[in-house]
Amino acid sequence: MVKRTGIFFTYFQGERLKDFPQSLDGILDKENVSYYDAVYESRQGLYYLEPLSEELLLKVHSQSMVQRVKLTGDYESALYSAGGTVQAAERISQGQLDNAFVFTSFGDHHAGRDFYGGMCYFNGAALAITALRDRGVRRVVIVDTDCHHADGTRDIFNHDKDVLHICFCNQDYSDKYNNVDIRIPYRTSDDEYLNRVTQVLFSRLAAFETEYIFWEFGYDATKGEYGDKGLTMDCHPRLAAIIKAVADKVCQGRMVTILCGGSGRAVATYTIPRIIDCLAELGNYRTI
Ligand SMILES: [Zn+2]
Ligand SMILES: [Zn+2]
């Protein structure tokens, strides 16, 4: 059966998403694609993206941190940004969607229980997992392919054996209690990188019995980006195909992709439509 894919869109600032949602022409009109927008509430055929509730927020983040984020002036957009991930996971758990791509204004993975930074305020994946647990979900995998170490996510799930956190970053920090860091060297190639990810995912997920996969998709390891590891723009759609294949195999395709680090507009405009094309099995783009 064709996958039902949700697109959750927030865009409040910055350059990188300036070509969206118009770059999703040829995708948004597909029957198996649903589009949730935080801004264009009145556009026909669209769903409204809901901001996060403060009740859920305080199950993950401390009261004092939430207060500090309020003082930044970005509080509302941070609520919508993380809210997309929560809503995506809930729609999947209700059986309305199989997978999702979440555009964020602020990332996830540097936001811990009581700290934030690196353009991350609230940890959308952690909030979504918390919401899913209220619905009876127990075991979840987070795959993080942003260039940098996911210190916030690790802070939240460090002692949670039912969350397998696989972070492809700069050092082998950890390999215990289902918290795994895999060092990806600088000056790697697409093939080396994808082989490593494939090998790690298949070996680690085989016995874990996850119910969902959350993919923290950062593209900052692309050539010319601020975390340049030598990857090309074509690496990311291939990576999407690998992670989707794993999700299809181990958890009935239940997968939430969250836009994480990366700043280049051209990279976003090239890769994101291809990733969504892969998730929704549209076949508009040739498999690379
Ligand atoms: Zn990063
Ligand atoms: Zn790491």
Side-chain angles (χ1 to χ4, degrees), residues 13-17 74 78 81-82 85 101-113 115-126 129 140-161 163-188 190 192-194 196-201 203-205 208 213-233 235-236 239-240 243 256-268 271-272 275:
Q13 59 180 30
E15 273 290 310
R16 72 173 177 171
L17 296 182
D74 290 327
S81 187
T85 306
F101 187 96
V102 184
F103 288 86
T104 56
S105 298
F106 304 104
D108 270 33
H109 74 167
H110 296 310
R113 281 201 184 281
F115 62 88
Y116 64 88
M119 289 295 286
C120 303
Y121 287 118
F122 300 134
N123 197 307
I129 291 166
V140 174
V141 169
I142 303 171
V143 179
D144 192 315
T145 61
D146 185 280
C147 175
H148 303 102
H149 178 58
D151 56 340
T153 309
R154 185 59 51 84
D155 175 63
I156 294 167
F157 292 116
N158 208 6
H159 301 291
D160 190 333
K161 291 195 176 90
V163 174
L164 170 58
H165 181 214
I166 306 176
C167 174
F168 295 91
C169 54
N170 292 327
Q171 288 183 47
D172 296 315
Y173 289 98
S174 161
D175 189 355
K176 59 180 180 185
Y177 305 125
N178 289 331
N179 294 296
V180 185
D181 290 304
I182 306 289
R183 191 178 75 84
I184 299 294
Y186 287 93
R187 289 186 292 281
T188 190
D190 290 359
E192 279 170 4
Y193 182 78
L194 295 168
R196 187 87 178 103
V197 171
T198 304
Q199 177 240 324
V200 169
L201 292 191
S203 65
R204 297 279 175 167
L205 267 67
F208 187 72
I213 294 178
F214 286 79
W215 174 25
E216 299 279 9
F217 159 58
Y219 62 80
D220 49 1
T222 316
K223 277 180 191 159
E225 281 284 334
Y226 54 83
D228 185 343
K229 287 191 171 177
L231 303 178
T232 75
M233 293 199 287
C235 186
H236 307 297
L239 187 55
I243 299 174
V256 181
T257 302
I258 307 157
L259 179 58
C260 211
S263 62
R265 180 175 171 179
V267 187
T271 57
I272 293 173
I275 289 172

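As the structure lists them, so they are numbered: ligands from 1, and atoms in each ligand from 1.
When side chains are defined from C-beta on, L17 counts as touching L259, because their heavy atoms get closer than 4.5 Å.
A donor-acceptor pair under 3.5 Å is absent between the side-chain atoms of D220 and the main chain of G227, judged by distance alone.
Take the Zn ion (ligand 1) as the corner point: the lines to OD1 of D146 and to OD2 of D220 open at 100°, to the nearest 10 degrees. Here the angle centred on the Zn ion (ligand 2), running from SG of C169 over to SG of C167, is 110°, rounded to 10°.
Aromatic ring pairs are classed by plane angle as parallel below 30°, tilted from 30° to 60° and perpendicular above 60°; the pair F103 and F101 is perpendicular. Using cut-offs of 30° and 60° for the angle between ring planes, the Y226 and H148 rings count as parallel.
In Y186, the OH atom is crowded: over 12 heavy atoms of neighbouring residues, nucleotides or ligands sit closer than 6.0 Å.
Because the distance cut-off is set at 2.8 Å, D181 qualifies as a neighbour of the Zn ion (ligand 2) through one of its N, O or S atoms. Because the distance cut-off is set at 2.8 Å, H148 fails to qualify as a neighbour of the Zn ion (ligand 2), as none of its N, O or S atoms comes that close.
Closest approach between the Zn ion (ligand 2) and any N/O/S atom of H149 involves ND1.
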